[in-house]
Amino acid sequence: MSRTDTGTPDDLAGRRSSGDDRRHPGFTERLLAVRELSLLLALGALILVTTLRNDRFLSGQSVKDLLLGCAILVILAVGQTLVIVTRNVDLSVGSILGLVAFCTGSLFLAAPSLPWPVALLLGVALGALCGAVNGGLIAVAKVPALVITLGTLYAFRGIDYYWASGRQINAADMPRSFLRLGNQTVLGVPVLFLIAVVVVAVVGYYLRAYRGGRELYAIGSEPAAARLSGIPVGRRVFAVFVASGALAGLAGVLYAARFGTLDAAAGTGLELQVVAAAVVGGVAIFGGSGSAYGAALGAVLLTTIGSSLAVLRIDPFWQQAVVGALILAAIGLDRLLALRTAARLRGRSARGA
């Protein structure tokens, strides 16, 4: 893939994106920057209020726990962003994580001397294979992603339960070098969080600076127009599901390293948190808009909300209520912006006529 300037008028994908972005390619970037700034402000306000109530919330150990808690969710949310941008959704990521986590533990049981980087690569490969199953069924059979990934959510989880057969893998069964990966820090920052930052940076840069990334937005904005313009829609959709699966596989290996104790229930229900993080982070559920950076901030915000409510001794019910309200607000804002953009375009068309 060759690099493209996102502000260049003749960018193929940029011309096919929705709203004012067809005339002003910088509009989407400015909008996303505003959304991400609002997330940072909300996150800062939440941390400030919690710290005023309990000054230990910003202690070194608390910050480390917070970063560890959000790292896996950040990686999954970034993978989900690639999928949602194309107007699809992947509900199987939690099951892929659980399957890869248990596979990683089983691998170390069978080969205790196996270097952990090899296990990491195998876990990513298994996740990518699961993603290829999703992408193949969706792109080739033309079956909606919601239906396919709901089915594979249960299929992958069923394979996990069959494989586990009620067994549990304990931390004592895995190499210490691998377990250190889950808690090791560099200058006080957990390695898991640094890996998540690298994932966010790579995916964010690809979406913004490469033609293939811009084509994903074009597909999400209007799949039929993207296909007519020569964009290989099926191939791109297949690729994003493979990428989402690979990142879920990476998250599964890191999950095993962090928690050590594994069973077939690992990652159950996590897919809903992942979708919530992406949507709260400004990734439009209707496709065509959003960024990896916003999704990562959404994951950090949701994790911080959970930690803050625990510190403030607020009923956990309110955490779900707050997350639900944030999702509704994000979807409402996306819809409002879409309607305003459509109205602006109709006004310009009328004046041009």
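Here the structure is a predicted model, which means the values were calculated and not measured. Atom set for the values below is all heavy atoms of this structure, side chains included, hydrogens, waters and symmetry mates excluded. Residues take their numbers from the sequence shown, with the count starting at 1.
Counting only heavy atoms from C-beta outward, the side chains of Leu68 and Lys64 approach each other to under 4.5 Å. Side-chain atoms of Thr304 and Leu43, non-hydrogen and from C-beta on, do get closer than 4.5 Å to each other. A 4.5 Å side-chain heavy-atom check between Leu302 and Gln273 finds every atom pair outside the cut-off. With a 4.5 Å cut-off on side-chain heavy atoms, Val202 and Val198 count as touching. A 4.5 Å side-chain heavy-atom check between Pro190 and Leu67 finds at least one atom pair inside the cut-off.
Shown here is Arg167, whose CZ atom has more than 12 heavy atoms of other residues, nucleotides or ligands within 6.0 Å.
Residue Leu39 holds its CG atom at 6.5 Å from CG of Leu301, rounded to the nearest 0.5 Å. For the atom pair SG (Cys130) and CG (Leu97), the distance works out to 11.0 Å, reported to the nearest 0.5 Å. Rounded to the nearest 0.5 Å, atoms CZ (Arg236) and OG1 (Thr86) are 11.5 Å apart. Atoms CG and OG, on Asn88 and Ser244 in that order, are 10.5 Å from each other to the nearest 0.5 Å. Once rounded to the nearest 0.5 Å, the distance linking OG1 of Thr50 with CG of Leu309 reads 8.0 Å. Of the inter-residue distances, the one linking Asp160 atom CG with Ile96 atom CD1 reads 11.5 Å to the nearest 0.5 angstrom.
The two residues Ser291 and Tyr217 make their nearest non-hydrogen contact at CA-OH, 4.1 Å. Between Glu222 and Arg87 the shortest heavy-atom distance is N-NH2, 4.0 Å. When all heavy atoms of Leu192 and Leu181 are compared, the pair lying nearest together is CD1-O, 2.9 Å. Counting all heavy atoms, side chain and backbone alike, Ala295 lies closest to Ala278 at CB-CA, 4.1 Å. Contact record, Thr152 with Ser92: OG1-CB, 3.5 Å, taken as the closest heavy-atom pair. Residues Val89 and Thr149 approach most closely at O-OG1, 3.5 Å, considering heavy atoms.
Hydrophobic clustering (ILVMFWY, side-chain heavy atoms < 4.5 Å, transitive): Val189 and Leu66 are in distinct clusters. Both Val83 and Leu270 sit in one connected hydrophobic cluster of ILVMFWY residues. Membership requires side-chain heavy atoms under 4.5 Å apart, directly or through other members. Cluster annotation: Tyr154 is connected to Phe241 through the hydrophobic network of ILVMFWY side chains, with a link wherever side-chain heavy atoms come within less than 4.5 Å. Ile84 and Phe238 fall into different hydrophobic clusters, where Ile, Leu, Val, Met, Phe, Trp and Tyr side chains are chained together by heavy-atom contacts under 4.5 Å. Cluster annotation: Leu153 is connected to Leu146 through the hydrophobic network of ILVMFWY side chains, with a link wherever side-chain heavy atoms come within less than 4.5 Å.
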How far apart are the C-alpha atoms of Leu216 and Val240, what are their side-chain angles, what is the distance that settles it, and do they pass the side-chain contact (heavy atoms from CB on, under 4.5 Å) test?
CA-CA 9 Å; Leu216 299 183; Val240 297; 3.6 Å; yes
Output, in order, the C-alpha distance, side-chain angles, deciding distance and verdict of side-chain contact (heavy atoms from CB on, under 4.5 Å) for Leu58 and Ile47.
CA-CA 8 Å; Leu58 283 183; Ile47 292 174; 3.8 Å; yes
Start with the C-alpha gap between Asn134 and Phe156, add the side-chain angles, then the distance that decides, and say whether side-chain contact (heavy atoms from CB on, under 4.5 Å) holds.
CA-CA 11 Å; Asn134 288 332; Phe156 295 150; 4.2 Å; yes
Please report the C-alpha distance between Val203 and Leu207 in whole Å, then the side-chain angles of each, then the deciding distance to 0.1 Å, and finally whether the side-chain contact (heavy atoms from CB on, under 4.5 Å) criterion is met.
CA-CA 6 Å; Val203 174; Leu207 286 174; 4.1 Å; yes
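Remark: side-chain polar atoms of Thr81 are not paired, donor with acceptor, to backbone N or O of Val283 under 3.5 angstrom. Side chain of Thr104 to backbone of Val100: a donor-acceptor contact under 3.5 angstrom is found. Under a 3.5 Å cut-off, the side chain of Arg157 and the backbone N or O of Gly94 do form a donor-acceptor pair. Remark: the backbone N or O of Gly281 is not paired with any side-chain donor or acceptor of Tyr293 at under 3.5 angstrom. Under a 3.5 Å cut-off, the side chain of Gln80 and the backbone N or O of Asp90 do form a donor-acceptor pair.
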Name each donor-acceptor pair under 3.5 Å that joins a side chain in residues 245-269 to protein atoms two or more places apart or in another chain, with its distance.
{"residue": "Asp263", "atom": "OD1", "partner": "Ala265", "partner atom": "N", "Å": "3.0"}
{"residue": "Thr268", "atom": "OG1", "partner": "Ala265", "partner atom": "O", "Å": "2.6"}

Side-chain donor-acceptor distances from residues 112-119 under 3.5 Å, at least two apart:
none

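Under the 30°/60° scheme for interplanar angles, the aromatic rings of Phe108 and Phe178 are found to be tilted.
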